[in-house]
Colleague: 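Please find one structure pasted underneath; my questions will follow.
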Amino acid sequence: MSLSECNVHLKAASCFCMWVKFSKSLTVAETVEDEDEKESFKADDTVISASEDEGGSDDERKHRKLLDAISSLGGKKRRKLAERSEASAQISEFSVSAEGAGEKITLSDLIGTIEKTSVISKTKKQLKNLKNRHDTLELPLSRQQTEKIQREVAYGKTSKEVSSWQGVVVRNQKAEQLVFPLNQEPSGPKPVEQMVTGWKAQTPLEQEIFNLLHMNKQPLHDPVLTPTEEASLKAMSLEEAKIRRAELQKVRALQSYYEAKAKREKKIKSKKYHKVLNKAKRKEFLKQFEEMRKTDPAAALEQLQKMELGRMQERMSLKHQNSGKWAKSRAIMAKYDNEARKAMQQQLEVNKELTQKLAVPSDSEDEEGPEEEAPALPDFVNEAEPADATNPWMMGKLTVEAPEPGEGSDTEPPAGGFQEQENPEDGAEEEEVTEEEALLRQFEERRKLRQTQNGGQDVVPGEKEGEVAEIVNEGDAVGVVEISDNDDDDEEVEDEVSEFNSLFQKLAEKEQVAVIEEATTNNAGAESCEEPALLEEGLTRLRSLEDMDLLSQDVSIETGEPAVQSSVTAASEETAIPQLKKKKKNMIDCNEVLTKEAKVIKIHIAPTAIEEEEENEEEQKMIIKEAFAGDDVISDFLKDKKKLEAAGKPKVVDLTLPGWGEWGGLGLKPSRKKRRRFCVKADPPPPRRDQNLPSVIISEKRNSSIAMHQVSQLPFPFESPEQFESCIRTPIGNTWNTQRTVQKLTAPKVITQMGAIIEPITKEDFMKGKTLATTRKQPDIIDFLPRWFKPEMEMNK
Amino acid sequence: MAANEDTELKLAHVGKKKIAPKRYWDSTEKRATEDAEEGQKQEEHGEQKKNIKGEMPYLKRKKRKTEAGRKKGISGKMDPFPGPAPVSEDKLKKFKRGEKGKMPQGTRGRLKDSLSGAEVASNLAQNQAARYDLLLPEDAGFLEGDEDEDTCTFLQEDIADAVDITSGAKYFNLTLSQFGPYRVDYTRNGRHLLLGGRRGHVACIDWQSKQLKCEMNVMETVNDVKWLHSEAMYAVAQKKWLYIYDSSGIELHCIRKFNDVLRLQFLPYHFLLATASTTGFLQYLDVSVGKEVAAICTKAGRLDVMALNPQNAIIHLGHPTGTVTLWSPNQREPLVKMLCHKGGVRSIAVDKTGTYMVTSGLDRKLKVFDVRTFQPLKSYFLPAGASCLALSQRGLLCASTGDIVQVYKDVCSTPVKKPYMTHRVRGSVCGAQFCPFEDVLGVGHAEGFTSMLVPGAGEPNFDGLDANPYRSVKQRQEWEVKALLEKVQPELIGLDPGQLGLVDRATWEQRHQDKVQALGFDPLAKAKFTPKFRTKGRSSSGKVQKRKKQVAHEDQRDQIRETVEQLQKETQKKINTDQGQRSALDRFRK
C-alpha cells in the first residue's frame, strides 16, 4: 500500500464522518424549506440512514447518485445548502462549549492515530520532519515589489532585444555611406563572373529539374556509382587512413613521453642536479658558440651581445648581491653555520661570474695567438701560476697565508685555475671534478707550452705588461686562497681581497700613466718590436678620465696645426660662423657676414655698354668704393639686428623701494643685495628663429590675421592638434585631386532614392544577412561526403 | 592532376581546411577537360624543366605561387598582370601631402576610425594623382651642342631656322626706338603681351598671332605695366597715379590713392595688385572689389626692385642697403630682412616653387638663396653685374647685363661656369620675362622688344582649368567666375602657405587651460595606471608595484627605444659601408 493511497483513504474516511455530522445538524437547523426540496431532504435522510448503518454498501451510494441525476434532470437547479464552517464549536449535541476555540489545530491532532500503524514508517518520518519545521509560508509580496520584479524582468528582456540592434546601429554610424531604401539591388551592369557563379534556378522548370537531380543524386550520364559512393571512395582509402592514424598515434605517444620527462625533471629539487645540468648546458653552449664563431660570426656577435646584455642586467639588479632577504638571513647564520657561509659565497661568485666582462674576440686572435694572449685579461685569470718569487707584490700578499695557498695549488691546481664558478662545491661533487680533471690537464699542458714560448719576453724585468699579467695572476691566486680556505678566516680573506684590489688599481693607474708617457715621448728603442701595438691596445682599453685629460693635452699639441688650418679654411665660409660665434656669444664679426666665395662667370660676349668702361675698371671700382664709403651696409644691418634682439628680451622689473630696511635719501642708492632681491627677472624668451642666421632678421610677431580662419577648437574625436592636422592635410577639392578622388572624398553620407518610401529598418533587414550567410555556407556537397567527415566541417564553420 | 593532389593533401591534414563546395555534375566534365590539360601541362613542365634545370628552384616556386594566387577569368585564362598597375615611388613622392600622422598605441574607437579613414583617403588621393600623372604627355627639352660646341654660342637666327615654322616665328624683334626702354609683361597663360615704353607708349598684343589689341600713348612717363587676372584688363603705373585700362585701351580707373608707383606685381589667386612707390609705400589693391587692402610704409626709400613669390604670395623688395625684405599685407613690418649684397640690390627673382630666390646687386654678384631657410646657396660673380633677372617655369635664369641677355641653366642646384645661352639685343635691357608655357623669353630694351627662343624654358604641360593658353572667350568668362569664387583672402598670406591647415595653437591652448581650470582636472591627461585587482595573493603590494613598474615611463621608454633603434640602424649602415674598405690598422680603432 502506497503512501498516497493511504492518504486518500484517510481523507475519505474523515470527510465522510464530518459530512455525516453536518447533515445531522442541518436537519435540526433547517426545518423550514420548500416543498420541492423536501425530496432532497428525504434523499438526505436516506443518506443518513444509509450511513447510520455501518459499512453502507455501494449500491446505496449508486442509488443516491441516480437520484441526484434524476433530480437534476428536472431542469431546476438544486440549491446547495450553504456550508457552515464554524460548526466545530457546536459539535457537542448537548451543550455549547467554547473549549479549544482559540487553539490551533496541530498536525499531531490530525494524525495522532498514525503512530499506531507500523506499516508506513517512511511517511511517518516525513511527517515528523514536517512537525519539526517551524517556518511558515511567506506572505505574498506586496504589489510594489511584484511590480518591481516584473519591471526588472521586462527590462532584461527588452534590453536583450534592443541590444541585438547594437551592431546594426554601430555599423550604420560608422558607415561611410548609407543608401536608402535599404536592400536595393545595385544598379548597373554586373561583372560576368558574378553573374555566372551567382546563377540560380529560378523558373519553375529549372527548379523542378534541379530538385529531381538533387533528390535522386544520380549522375546524369552513366550510372555506375552514385555520387555519394564516389565521393566516399575519393575521400580516403582505408590503408592510408590507417597509416595516418598510426603516425599520429606515434607522434602523440612520443610527445606525451617527452612531456612526462620534462615534468619529472622540472620537479627535481636537488640543487646539485640542477648545477650539473646547468654546467652541461653551459659547456654545450660554449661549444656551440665556438662553432658559431667560426661558421657564423654575425650570429656569434649577436650572442655575445646577448651575453653582454645579461651582464648589464646582472649589474643593474641586486639579484645575487648580499642584500636580499635570503642573503641577509644567510649572513646572520654565516657566523655559526658553515653551510650558510658557503652558500653565500657561492651566490657572490655567481654574481661575479655573471658580471665578468667578456673578452671580445677580435679577428686577429687566430693569427697571432701567443702575442695576443698577454693583454687579454680572461686568459690570465685562467692561468694559475705559482707564486712568483721575483714579484714583491705576490710575496707580500702570500706570506700571510703561505702554507694554505700552496697546498691548495698543489692539491687542486685545476680547481683554482679553472673558473671560480665550479670551485666552491668541490667537496660535494667529486665525480665532476674527475671529469674536469682531464680537461684541466689539457689546459695546463697548453699553459706550459705557452710559457715556454713566451718565456723570453715575459721574464724581462721592469716590463709593464709582464707586471700586469703577474698582477692578474696574483688576483687569481687570491681567488684560490679564498676558495680553498673553507674554515674560519673568510672575512680576513675578503679584507685582503679588497686591499689587494685597491693596490691593483693603483698599480694599473700608475702603469697607464707610464704607458702614456712612453707613448708621448715615443722612445721606441727600449721596447721590443711588438710592444707598441700591445701598449696601444692597452691604452684604448684602460683609459680613464684623468688619462683622457693628459692625452688631450698632447693631442692638442699635435693637432694644433691642422686645427689652425681648418679654422682658416672655415673662416672663408659663412657656415662655419656659429662655431666661433659661441665663444663671442652676441658679437658678430663684420668680416664673417656675406663672405661666401663667389664664382666668377666668364662670358664670351662682353656687353657693349660697359665695354668702354672696362678700360678704366680700376677707376670704376674706386668710384663705387667712394660711393659706398659712408654706409657700411653690413655693420648697419648687424646693429639693426642687435637692436631688435634687445627689444625682444623681457625687461627686468625693479621693485626696490628706497628707504625700506636701510637709510634712504638723496645720493643714497639702495644696496646691491636689496636690489638683487627685489628685481624680478622674467624667463628668457624662446630662442629667436634667426639666431643661427647672422645675415637674416626674422620677425617674431605672430600673424594674428590668419588666426581668424584657423581652427581653434578640435572637433569631437580628436584629442591633439597633431591628429586633427594630419586628418585635414589632404585637400579634397578638384583643384588638387582627380575627378574620381573628389567624388569619393565628397560622397554624401546618406543617399536617398527620389520618391522612394523609406521604411524603418526591420529585424529581417539585418538578420537576413546572417541567415543568408549561414544558409549559403551549407553546400549540397555535404550530402555526398562520408559521415565521419561531417562533424568536422560543422566545427570548421 | 593538381586538383586531385590538392584534395588528397587536404584530407591528409585532417580538419585544416575546408573543401570547396563542388557540384557533382562538374566532376565528370572537369575530368575530361583536366585530362586534356594535363597533357599540355606536362609538356610545358618538361620544357620548363629543361629551361630551369634545377638551377633556380625558387623561380619555379614563385611562379607556382603566383599562379595559385591569381584568379582565373571567365575565359579560363589567367591575368598576367593581376591587380592595379604599380605606381613608381618618385611619382608618389611628388604628390605627397604632408607627413603621415602617427597613431599612438592605445588609440581606439571613433578617433581611430577617423584617423585611419583620413589616412586611407589621403593615400587614395595620392595614388590616384600619381596614376593620373601619366596623362601629362609633354616633355621638356634642352639645347644640346656637339662636343666642341658651346650652347651659348648659338645664334637666335640659327635656332629659329632649325626649328619648325611656328616655333621659328616666335623669334622676332620689334623695333620701337622712339619711346624708350620697354617694360614687358605676359598674361598668365602666355597668350598676350603687354609693352610699356618709358615715354608713354603702351601696347598689348596677342603675340603668337601678332595681332595688335590696342596701342596708345598715355602722354606720361610709364614706370611699369602689368596684366590683371585676365587679358581684359591691365594696370599701368604712370608718372603720378596708377591707371587701369581694358584690352581695347579704354581707361577704366585712375587710382589716386596709388601715387608715384614704380613697380607692379599681381597676385592672381588673391586678386591683389601690389605696388611699390618712390615714397617707400607698399600698397595692395584688391582688384575684384577695388579696395585698398593695405598700405605699408616700408621706411626704406625708393622701391624700384620688386618680385613676387608665386608660392606664398609674399612680396620681395630690394633696397639700396643690400637687403631684401619680405612683406605680406598683414604685417606692418617686414617678415624677414635679409642682407644679400654689399651694394644695393638691383634685381630679384623667385622661382615657381618658392624655394629659390636669385638676387643681383651692385657688387656685381649673383646670389641664390633658399627662401625657406633664408640661407645662401650659391654665389656667382658676373663681371658686369646683372641688371634684370627673370626665372622661367622650369628654372632657367635670365640675367641681363647691359645689352647682353644671358640664360643660365640649373643655377640653383649646381654651380655653373658659363651661360646656357646668350643673346645680344640692340639696346640696354630694361625688362625681361619668360613667357609661360612657351620656350620664349621676352626682352624689353631701349630699342624695342625682342622675343627670343630659349628651349626648355616653359612648362610643357598646362592646367586647362587654371591657365589655359587655348581658352575661348566663353571659357575665360567661366574661369573668371570660378576664380572669383575661389579667391583667397588677403589675410591668409603668410610665409607658410599651409598655415591654414594648422590648428591655432595659442587659442587652443588657452581654451584648454580654461577648461582645465573649470573642470578641475585635465580631460586630455593620460589616466593614471591603476592595476586591476587580482585574487589569490596576486594583488599583494609587491606584485602591484611590479605591475606598475612594467608600465612606468612608457612614453620615455618608447622614445629611448626609437633612438636606440635609429642608432643601431646607423651603426649597421656604417658597418655595411665600412666593410668594403677595412685596413689592417682598423682593428686598433675604437
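Side chains are part of it too, since the values below use all heavy atoms of this structure and drop only hydrogens, waters and symmetry mates. This structure is a prediction, so every number in the text was calculated from the model and none was measured. Quick note on labels: first sequence line is chain A, next is B, and so on, each numbered from 1.
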Colleague: Between the side chain of B:K342 and the main-chain N/O of A:V633, is any donor-acceptor distance below 3.5 Å?
Modeller: no
Colleague: Between B:Q128 and chain A, with a heavy-atom cut-off of 4.5 Å, which part of the residue counts as in contact: side chain, backbone, both or neither?
Modeller: both
Colleague: If we define contacts as heavy-atom pairs under 4.5 Å, which of A:H709, A:E719, A:Q710, A:K701 has the most with chain B?
Modeller: A:Q710
Colleague: For B:R110, is it the side chain, the backbone, both or neither that has a heavy atom under 4.5 Å from a heavy atom of chain A?
Modeller: both
Colleague: For the interface with chain B, which of A:I697, A:T741, A:T730 has the highest count of heavy-atom pairs at distances below 4.5 Å?
Modeller: A:I697
Colleague: Only counting residues at least two apart or in another chain, list the ones meeting salt bridge (Lys or Arg N to Asp or Glu O under 4.0 Å) with B:R131.
Modeller: none
Colleague: Does A:S699 use its side chain to pair, donor to acceptor, with the backbone of B:V336 at less than 3.5 Å?
Modeller: no
Colleague: For B:R505, does the CZ atom sit with more than 12 other heavy atoms under 6.0 Å from it, leaving out its own atoms?
Modeller: yes
Colleague: Do B:V324 and B:L326 have side chains that approach each other closer than 4.5 Å (heavy atoms only, starting at C-beta)?
Modeller: yes
Colleague: Name the region of B:L465, side chain, backbone, both or neither, that has any atom closer than 4.5 Å to a heavy atom of chain A.
Modeller: neither
Colleague: Distance check, rounded to the nearest 0.5 Å: B:K378 atom NZ versus B:F369 atom CZ?
Modeller: 12.5 Å
Colleague: Hey, is the main chain of B:G494 close enough, under 3.5 Å, to the side chain of B:N330 for a donor-acceptor pair?
Modeller: no
Colleague: Within a strict 4.5 Å, meaning less than it, do heavy atoms of the B:L335 and B:W327 side chains meet?
Modeller: no
Colleague: Go through the atoms of B:Y132 and report whether side chain, backbone, both or neither lie under 4.5 Å from a heavy atom of chain A.
Modeller: side chain
Colleague: For B:E99 and A:S726, which I'm curious about, is there any donor-acceptor pair between the side chains at under 3.5 Å?
Modeller: no
Colleague: For A:D690 and A:I698, work out which heavy atoms get closest and say how close.
Modeller: OD2-N, 2.8 Å
Colleague: If you tally heavy-atom pairs under 4.5 Å against chain A, which of B:N127, B:L124, B:T325 wins?
Modeller: B:L124
Colleague: Heavy-atom pairs under 4.5 Å with chain B are the metric here; pick the option from A:R702, A:Q173, A:R689, A:E176 that has the most.
Modeller: A:R702
Colleague: Relative to chain A, which segment of B:E119 carries a heavy atom at a distance below 4.5 Å: side chain, backbone, both, or neither?
Modeller: side chain
Colleague: Among B:D463, B:L502, B:T507, B:T107, which has the most heavy-atom pairs under 4.5 Å with chain A?
Modeller: B:L502
Colleague: Closest approach of B:G101 and A:R729, non-hydrogen atoms and distance?
Modeller: N-NH1, 3.9 Å
Colleague: Most heavy-atom pairs under 4.5 angstrom with chain B, which of A:L714, A:I728, A:N734?
Modeller: A:L714
Colleague: Need one label for B:T373: side chain, backbone, both or neither, based on atoms under 4.5 Å from any heavy atom in chain A.
Modeller: backbone
Colleague: Is B:I493 in contact with chain A via its backbone, its side chain, both, or neither, using a 4.5 Å heavy-atom distance?
Modeller: backbone
Colleague: Do you know which of B:L495, B:L111, B:D363 has the most heavy-atom pairs under 4.5 Å to chain A?
Modeller: B:L111
Colleague: If you count heavy-atom pairs under 4.5 Å with chain A, which of B:A121, B:G98, B:A506 comes out on top?
Modeller: B:G98
Colleague: State whether the number of non-hydrogen atoms from other residues, nucleotides or ligands found under 6.0 Å of B:R108 atom CZ is greater than 12.
Modeller: no
Colleague: Heavy-atom distances under 4.5 Å only: say whether A:F718 touches chain B with side chain, backbone, both or neither.
Modeller: both
Colleague: Checking B:T323 against chain A: side chain, backbone, both or neither under 4.5 Å from a heavy atom?
Modeller: side chain
Colleague: Only pairs of heavy atoms separated by less than 4.5 Å count here; which of B:Q331, B:E509, B:Q126 has the most with chain A?
Modeller: B:Q331
Colleague: Can you tell me which portion of B:E333 sits under 4.5 Å from chain A's heavy atoms? Options are side chain, backbone, both or neither.
Modeller: side chain
